[in-house]
*Asks:* 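Input: one structure, supplied below.
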Amino acid sequence: MSNFKIFSSGLVAIALSLASGCTPTTPHDQTTSEVPSAQSVRTTETPSATISPTASPTTSPTTSPTTSPTASPTTSSNTSGQNSLSSSDREFMTKAAQGGLTEVQLGELASKRGTSKAVKRYGQRMVKDHTPVNNQLKQLAAKKGVTLPTSLDTTNQQVKQSLSELSGAAFNREYLNQMLKDHQNDVSAFQTEAQQGQDPDVKAFAAQTLPTIQKHLQQVSYLINHASSTGTTTPTSTP
């Protein structure tokens, strides 16, 4: 009886399924689930960490120009101006120094051996005026790189020796004549340099010193003319 009921139920189920057009599911089918594969899907499109930036520009400045200033001009300058000094300027400075030394040494001699007040005063004036001029010329020569004489040359040394052997009116006369000749030459040389000198410093020195030398020339000319008009010189002491 029970078997009949089971059979009848199966037939009903079959009939219902045929009427609905569906396939009955068995208990086994219901327990069957769509379990995904145990192998998990892995993304294969992982970016490679070893990609080298081959397209990036190199940072080494191989094409940069060299910075060594090989073509730059030298910065050394000739501050002393010795290379630019003309031969005429050098010659003037040398002669001016020689004349200055001579006038100082002969002036010292006149202040000792002169037998008139005028001659003694003139000799002292030569020492007083030419000593600072000589020092100024030394400074200028050091700036220009010129070596000046420090002693009398042969000609002026002979003049000094000759005057040293004289005394009284003979000494006065010869000393004044020598100063007249020296200052005539000096005035001419200083005028030329002041007008035609090439170096501005040497030219300025000549122009600055010229009035002093011109005054010396006027003074010695007066002394000689005064002695000639009177025919005598006033002695102050014996040599």
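Nothing here was measured: the structure is a model prediction, and the numbers come from that model.
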*Asks:* List in chain and number order the residues that pass side chain to side chain contact (heavy atoms under 4.5 Å, CB included) with L101, two or more places apart in sequence or in another chain; answer none if no residue qualifies.
*Replies:* L152
*Asks:* Is there a donor-acceptor pair under 3.5 Å between the side chain of D199 and the backbone N or O of L85?
*Replies:* no
*Asks:* Once side chain to side chain contact (heavy atoms under 4.5 Å, CB included) is applied, do any residues pair with K181, and if so which ones, sequence neighbours excluded?
*Replies:* Q178, N185
*Asks:* Identify the residue among K160, H130, Q157 that makes a side-chain hydrogen bond (donor to acceptor under 3.5 Å, both in side chains) with Q105.
*Replies:* K160
*Asks:* Applying ring pair (Phe, Tyr, Trp, His ring centres under 6.0 Å) as the test, list every pair that has at least one member in residues 140-163; sequence neighbours left out.
*Replies:* none
*Asks:* To the nearest 0.5 Å, what is the distance between OG1 on T115 and CZ on R173?
*Replies:* 10.0 Å
*Asks:* When rounded to the nearest 0.5 angstrom, what distance separates CG in L223 from CD in Q219?
*Replies:* 7.5 Å
*Asks:* If a pair satisfies ring pair (Phe, Tyr, Trp, His ring centres under 6.0 Å) and one of its residues is in residues 84-114, list it, with sequence neighbours excluded.
*Replies:* F92-F190
*Asks:* Nearest 0.5 Å please: distance from the CG atom of L217 over to the CG atom of L210.
*Replies:* 10.5 Å
*Asks:* So V159 and T102, side-chain contact (heavy atoms from CB on, under 4.5 Å) or not? Walk me through it.
*Replies:* CA-CA 9 Å; V159 171; T102 302; 5.9 Å; no
*Asks:* I'd like to know if L180 and V104 are part of one continuous hydrophobic network [Ile/Leu/Val/Met/Phe/Trp/Tyr, side-chain heavy atoms within less than 4.5 Å].
*Replies:* no
*Asks:* Looking at L166, is its backbone amide N or carbonyl O close enough to the side chain of R113 to form a donor-acceptor pair, meaning the two atoms are under 3.5 Å apart?
*Replies:* yes
*Asks:* Pairs in or reaching into residues 201-219: which pass salt bridge (charged side-chain N to carboxylate O under 4.0 Å, His left out), with residues at least two apart or in two chains?
*Replies:* K143-D201, K144-D201
*Asks:* Going through the distances and angles, do L176 and V119 end up as a side-chain contact (heavy atoms from CB on, under 4.5 Å)?
*Replies:* CA-CA 8 Å; L176 294 178; V119 172; 4.0 Å; yes
*Asks:* Check side chain to side chain contact (heavy atoms under 4.5 Å, CB included) between E91 and all other residues, then give those that pass, not counting sequence neighbours.
*Replies:* K95
*Asks:* Take M179 and H216 through the side-chain contact (heavy atoms from CB on, under 4.5 Å) test and state the conclusion after the steps.
*Replies:* CA-CA 9 Å; M179 288 297 98; H216 293 169; over 6 Å; no
